[in-house]
Amino acid sequence: MLDPRRRSPLAHRMPIRAASGAVSLAEWPFLSKLIVRCQAGRDATAVEAVTGVALPTTACTSATAGERSLLWLGPDEWMLVAPDGEAAALETDLRAALTGPHTQVVDVSDYYTVITLTGARGRDVLARLVTIDLHPRHFAKGRVVGTLAGAVNLLVWLRDESDAAGPVFDVIVRASMADHVWCLMAEAGRAFGCPAQEPRGGERLRGALEDVA
Amino acid sequence: MTLSDSAPEDRSLAFRTDGSAHEPGDRTALRAASRQPYRRASGGRIDRSKPVHFTFDGKPVSGYAGDTVASALIANGVHFVARGFKYHRPRGILTAGSDDPAGLVQVGSHDALTDPNTRATEQEIYPGLEVFSQNAWPSLAFDVGVLNDVFHRFLPSGFYYKTFMGPPGSWMGFEKIIRAAAGLGRAPKAPDPDRYEHVNHHCEVLVVGGGPAGLSAALAAARTGARVVLCEETAELGGWLLSADPATRIDGLSPAEWIAAAEADLRAFDDVHILTRTCAYGYYAENQVNLWEKLSDHQLPADRDPALPRQRNWRVRAREVVLATGALERPLLFPGNDRPGIVTASAALTFAERYGVLVGHRIAVATNNDAGYDAACRLKAAGADIVSVIDQREAAGIGAAERASAAGISVRHGAAIVSTSGRKRIARITVRALGADGGPTGSPETLACDALAVAGGYSPNVALFSQSRGQLRYDEAIGAFVPGHSVQRERSAGASAGTFDLGACLAEGAKAGLEAALAAGFAGEAGSAPSVEDSALLAGRLDPRVVLPAARAGRTFIDVQNDVTVKDLRLAVQEGYSSVEHAKRYTTTGMGTDQGKTVNINAFAVLADKQALKLPAVGTTTFRQPYKPVTFGVMAGAHTGAHFQPRRTTPMHDWQVANGAIFETSGDWLRAWTYPRPGETPEEAVQRETRAAREAIGMLDASTLGKIDIQGADARTFLNRVYTNAWSKLAPGRCRYGLMLNEDGMVMDDGVTTCIADDHFHMTTTTGGAASVLAWLEDYLQTEWPDLDVRLTTVTEQWAVASLSGPKTPELMAALLDDLDPDPESFPFMAWKPAHIDGVPVRVFRISFTGGVSYEINVAASYSAWLWEKIMAAGAPFGITPYGTEAMHLLRAEAGFIIVGQDTDGTMTPIDLRMDKMVSQAKGDFIGKRSLSRPDTARTDRRQLVGLLTDDPATVLVEGAHVIATAEEPAPPVPMLGHVTSSYFSPTLGRSIALAVVKGGGGRMDETLHVTRPGGGTPIPVTVTEVDFLSLKDAGHA
Amino acid sequence: MKRYSLLRLVREGLAGHTGWDPAWRKATLKDRYDAVIIGGGGHGLATAYYLASVHGMTDIAVIEKGWIGGGNAGRNTTIIRSNYLNDESAAIYDHALSLWKTLGRELNFNIMMSHRGVLNLAHDEHEARQVKRRVEANRLNGVEAEWLDARQVAEFCPVINMSPSARYPVIGASLQRSGGVNRHDAVVWGFARAASDLGVDIVEQTEVTDIRVEAGAVTAVETSRGTVRTPKVASVVAGHSSVIAGMVGVRLPIQSHPLQALVSEPIKPVLDCVVMSNAVHAYCSQSDKGELVIGAGIDHHNSYTQRGQIGMIEHQLGAIKEVFPIFSRLRMLRQWGGIVDVCPDASPIITATPVKGFFLNGGWGTGGWKATPGSGHAFADLVANGEPNRIAAPFALDRFVSGALVAEHGAAAVAH
Amino acid sequence: MFLIPCPYCGTRDQSEFAYGGQAHVARPEDPASLSDAEWAEFVFFRDNPKGLFAERWNHASGCRRWFNVLRSTASDRIYAAYEIGTPPPAIEGDGPATPSGEVVGSGNDAVKLVKTADEGTRP
């Protein structure tokens, strides 16, 4: 049940569906997200016991069970994504389960939001933003990569891919950068029919020329 | 005035065009088409059913779809399109491609959409295209700049280094004239409305060049299943095959048929990208090759797809690269070799075969190899008269002379051109026989012609190979450099590797393509070599003499764009500028927009000749990126304008905009600076906001502060090492202010860190320091102290922060909080507690950056916009006032709190800040501690932070003004004691206050000093005080 | 030295230019000198010129591994200014600026010193505060500088994007009207010609492979053309400072980083001053030939490759387009990389060393060009006398031990 | 941009990484016991070789881990990437043949010809 008092970082943006159908963009707001730091060899069982998801230990891969997924971020770092509302309980339970040294569990649900990119040309859109090789031979379903788009760090996760639906990418980005990335993605999708998205702007800025007069 | 340079029959050529008359059958179009006197009756890749009308310097010109500006102008008898850079001599079209040195024009007349220095040989025509000559005034035909040519003898290379040395600043006067004369085209006057984009692309095999070798390579690689990119600089695939003799057969197919078949085969592969109008402009490290794709420059603006960018920058990472970039023909060096109408032999063939245009009706051919004969025979077959072949060799290669003779072409062996004439277009050449030393002998013979094709031998196009850092090798036989040792994973094939025979090019391309794919881990087998029937004459035995004596003497041009002659280069050597780079820089040879593509080898030959060296001993220059000039726009890509850099905004941003905030940038963040009410100045607003925070309630959006969640048993140890003060005893529930130093002992960040549990802390950093502090902490943790049981995670934006300050805040907090008594007695300063507001969990911190009663509410960001408005509503009865960063700065200055980066500048220690108490002497080492005892750092007369009060309470000092000891400013250099770091009018104190760093300031309390006025004037007297102005006020001192 | 003049140009023009002599002698390396200068860049040749002209030391050689002016001298963007924050920096850069003003006449070589003004843009209040502080410090140090507000910036340089909605709006700038640009090759050749005329041997295509030290003192340099005995060696090799200092066992706090630069195709005059911006990392001027000369930011990693690199350039041109939106359709003609030698405090090192007779001038980072004559003048004094003068003294190596750094990150944060 | 083989994530574009300077420089255990000169050596002085260099990189846009890289600063070629706390592998890099790293007398970066035996001789 969505709490009307909450507002997501891209609440001011309507989902985009290119006329060609080859690219769609939509925010996936309020997903629970937790950073989990632990030692894979020692703590995998404990994490799985709490989350129901096997801890993925291969670099840049993810594991999914039901509506929860664990995304590999680094050799001792994962992001747990789960449905809205689960973060607090998962944080408590995981912190209780991870008792050894070098562990950390932090709720970052509101730090980041998710831009879901679907459609046959998803890879082409992302290729305009990031330098990683997105060819299906190198970027298959479940792969998750931390990378750079211009000045912005983001996570690119190929959550799903099927012949029917094509690739389903989740781009996980800081809330304050989300509008910038959203507009860049739409801009990258222009060739495939996306409408232009003008970034937020037009504020009065201190000292700028209009204020001199 | 006629459009044509030479053809009197075209004098009547004058018609209007509106750009729309391109329908087949249109009478105007047909009439126009009939007026292309140099157009062949048939042939070429142009579409004769689609006449295209455009303008050159306002005069109408007709061509066909598929023409370039150059081919259409030549079809209309125009070679003269530009003026040289320095002497403003008439300049024509020398080649048919991107190597053309001087045929530069301005395209478009719109303020925002005009493109200077566009190569006529590359710009495809479309209806309504406007082309203008440039660097000529008042017109191309009558250019006053030609005076430079009249006085050329006084303007040798580098003449400007030897004069104009007047008194200081006098160069500025001469410079104005020189600058106005220099430059080529004009920049647009308005911002570029077009879009550009970058595409990052990965492939196994990148093939550069769509000629026979490139097509073969791409096919061979594609058949293995490898991802292939094939890029071709011009509008269509085929390369030199598009200029080849149509009688040529490859596996029984004509060149056009073979190209079409090859392209069809390639397009059948899923993982093959074919990019035309795409130039590989830069070969960078690790096989990154950047490609510049032009999507719409050839189209009528109305036809351009608004969804597509104007140009794309493909950043290709290729496992392997095949360079099939062809070869470039060199011009010959002889006096008067710069006139319009002089074209390379290969360009003459390209215009004839690809564009169906004869470069002249009476063409003379000058050559030093057999390729000149091939060109002469084929141009004759195409319909031109061949005046003569002038071969500087005594004898041609086997079969060459015979073929010319069979075609009825006269040949002059052992002869060379000694002069030319023709004002706007070559009209006559004078030929003399060559003696044993290459000097002219015998009587001069003058031949009339309307074009001259020159064949000076082919240079493999090794620019990209050289950019890849491959090492070049000089090949004596072809008189040019060829690829030598490779450094990156690339291979050259075809003419770019020095292989000119068509069959060999195809075979070499196929081999290179397959080898590249195999090297990238794919499997495949070689196909059978195609059968080739080709009668083209290759260069054969090349005359090694590049610089004949006649060329040394007359006005023989090396670089027709920058107007550099053989004499100039020889003078450079005479004056000691003999190394290639010195000669190039002294004369500007090869430094034009053509990158010296047709220039360099000849220039090296002149340098070698003058110094009696062999050419390779002179060396070559570095081939720098880009291969040809690339627009800034495409290099910048989509990260431009509103997309340039992220502007980070907090969840309260929309509310702030709606409530009239003026913002200031703070790093990537936009922060509300103040909220002026209608009719209020920003300064008045700041005073009002400050008063509200002192007298009622002020609320600040402090969400941008950096926040780091710290967990682990060793967290306290870690904090002890990274902060200057002690953290061992901070109890859960309590907060503490900390200073961080770098190892140099200088303050780099500060903030409050809160103990949530013994093994769990919440750190805050400055807004600007958020990212760098986390990176810095991670660095120490991972590389110096990996054993510490500490983990760090940024939570900066997880929590939004409303900072409430003012005497009525406890009352408001009591009204807001579900489950926490905010009474300052029970909830003391520097404590924190979890709580709820309307059931939403919040963290409440009793910390203050104002010196007054304060509460900071942290809430999960998604609730923060709602909470902000809720607080505003609940606070209305108390007079709650949102305040921005300026009032925040003022409030903290009243309390004497520093801002890192404003009151510090990377050179202040905690001692300098007179925050000695923040430095724990008991706890052992911390980062930067050792530096504090260095001799200079431990000096007591360093700049120290103090307060300043002006004698006149109404005078507000200027931030950045300097503190001096004297009541008057002495003459410079004025001894400076320090400077004002922060300065405000304090409504709380009813007077101005300032913070400053002053030499030995701590020992100067109550001393009178003086602060300079910007720009000069009588300094302002001030009294040195402590920094805590609120306490001073309370004590009655201020 | 036959003097250059308009009259001579005319006379030679009539005579077919046969009378011009080599600008500098192609000297043969002797087997001993009173001093050897390693590095034939601007600073090295300036040092030689001032050693000869001011201190009368003419039995000296400048040894250059390639061709003179082929390193950073030939790769920089020639911005001249002296508006530095600290007294120490202001002293040396302003000394240089005063020498620049008359250098062309002194050397009898037109160095095309164009005092067209240098703007340092401020994009937010934090920057504005720093710029104002610097402008005031400059004024009190006798260094010409002024603050322009946004409207004055727009008037002074109309092609700058003054839109209040720009991502980095321009809110003001410092202007040093006496700053500007000059012609780098001319400076190199002018110093070489004048030094050579005074007897200095300029030896190109010669590489120093080792430096011989006996009993703590320099005795000789080993070169690719043999051994040269000398009691004094002055290293002025910019990016290779650590390599040369390593030959005598002197460690430096210098790191060598790549720096990228580019020029556009030549266009008619459109930008009449030098514009620099820290926030967007852009700096740009237009050469007399019409090319826009643009410097990019510095790469953080160490490298000696002098390789043209693209990522930095793409970012740079985005920044240029932000400041100058009308430049978008212009084209990049050439790009190149240089090696800059960077000190922790962004100030240079001009120093004697524990090795007697070994002197070093380096660590100029991205800002060395503007100092060329001042640096050469002060360094020549140090090499001649063995003791630093007032201008050179603050830049000695021992400041890193005492902590007396000359922090110029604010002034030098952007490459130039 | 070169490519950097992150030991954890694989090879990525250099733009994803932050540089950390010379590797294997341990922070002194007891700074208080050091002389000013010894402390300055730690704070300010780093190797700056032309040739093989062990250095630190952080995969800032990826896994956020620090690691070491063995790279030639003369060619930018990377020979190895290895974890913090492990010694550099024994590798002989393409160290420059001369101090400046170019063929003697080649003239900086300008001349990249493979020199032939008879170069420079008069014909």
Side-chain angles (χ1 to χ4, degrees), chain C residues 64-71 74-75 204-210 223-225 237 239-247 251-258 299-307 309-312 314-315 336-339 341-345 397-403 405, chain D residues 1-4 13-23 34-58 60 69 71-78 94-112 120:
Chain C
E64 166 55 46
K65 73 175 176 204
W67 38 279
I68 59 170
R75 295 163 190 268
E204 299 178 84
Q205 305 290 330
T206 304
E207 177 160 7
V208 171
T209 53
D210 204 0
T223 80
S224 54
R225 292 186 202 264
V237 296
H240 283 83
S241 291
S242 301
V243 175
I244 295 294
M247 291 177 184
R251 256 169 92 67
L252 299 174
I254 285 177
Q255 299 282 285
S256 296
H257 297 289
D299 271 312
H300 294 293
H301 64 280
N302 295 20
S303 183
Y304 289 79
T305 53
Q306 295 191 325
R307 172 184 275 183
Q309 196 253 66
I310 191 61
M312 193 61 87
E314 288 167 345
H315 180 77
W336 62 90
I339 315 169
D341 41 331
V342 177
C343 276
D345 59 354
L397 190 52
D398 59 12
R399 72 178 188 269
F400 297 98
V401 174
S402 71
L405 305 186
Chain D
M1 295 284 171
F2 39 86
L3 298 172
I4 296 177
D13 196 90
Q14 184 197 336
S15 57
E16 294 189 5
F17 298 83
Y19 189 60
Q22 185 180 354
L34 301 183
S35 69
D36 289 332
E38 288 165 339
W39 177 245
E41 173 70 24
F42 165 70
V43 176
F44 294 123
F45 288 72
R46 293 290 181 274
D47 292 348
N48 185 25
K50 179 163 189 169
L52 215 53
F53 190 41
E55 61 190 11
R56 310 179 321 136
W57 288 88
N58 178 251
V69 164
R71 178 177 61 98
S72 167
T73 62
S75 65
D76 283 347
R77 183 174 160 195
I78 290 175
D94 58 352
T98 64
S100 70
E102 289 98 26
V103 178
V104 168
S106 65
N108 282 2
D109 197 29
V111 179
K112 295 193 291 181

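So that the names make sense, note that chain A is the first sequence line, chain B the second, and so on, each numbered from 1. These numbers come from a predicted model, not from an experiment.
Between C:Q255 and D:Q22, the closest side-chain pair of non-hydrogen atoms is not below 4.5 Å.
Heavy-atom minimum distance, C:M312 versus D:M1: N-CE, 4.3 Å. Across every non-hydrogen atom of D:F44 and C:L405, the tightest pair is CZ-CD1, 3.7 Å.
With hydrogens and angles ignored, the 3.5 Å screen pairs a side-chain donor or acceptor of D:N48 with a backbone N or O of C:I254.
Note that the CG atom of C:L252 and the CZ atom of D:R46 stand 14.0 Å from one another [nearest 0.5 Å]. Going from atom NE2 of C:H315 over to atom OG of D:S15 covers 11.5 Å, rounded to the nearest 0.5 Å. Rounding to the nearest 0.5 angstrom, the gap separating the CH2 atom in D:W39 from the CZ atom in C:F400 is 16.0 Å.
When only modelled atom types and interatomic distance are considered, D:D76 and C:S303 share a side-chain donor-acceptor pair under 3.5 Å.
With a threshold of 4.5 angstrom between heavy atoms, D:F2 approaches chain C through side-chain atoms but not through N, CA, C or O. Both the backbone and the side chain of D:D47 come within less than 4.5 Å of a heavy atom in chain C. For chain C, the nearby part of D:E41 is the side chain; its heavy atoms alone come within less than 4.5 Å. Both the backbone and the side chain of D:F45 come within less than 4.5 Å of a heavy atom of chain C.
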| field | Worked check of side-chain contact (heavy atoms from CB on, under 4.5 Å) between C:H300 and D:W57 | value | CA-CA 11 Å; C:H300 294 293; D:W57 288 88; over 6 Å; no
| Going through the distances and angles, do D:R71 and C:N302 end up as a side-chain contact (heavy atoms from CB on, under 4.5 Å)? | CA-CA 10 Å; D:R71 178 177 61 98; C:N302 295 20; 4.2 Å; yes
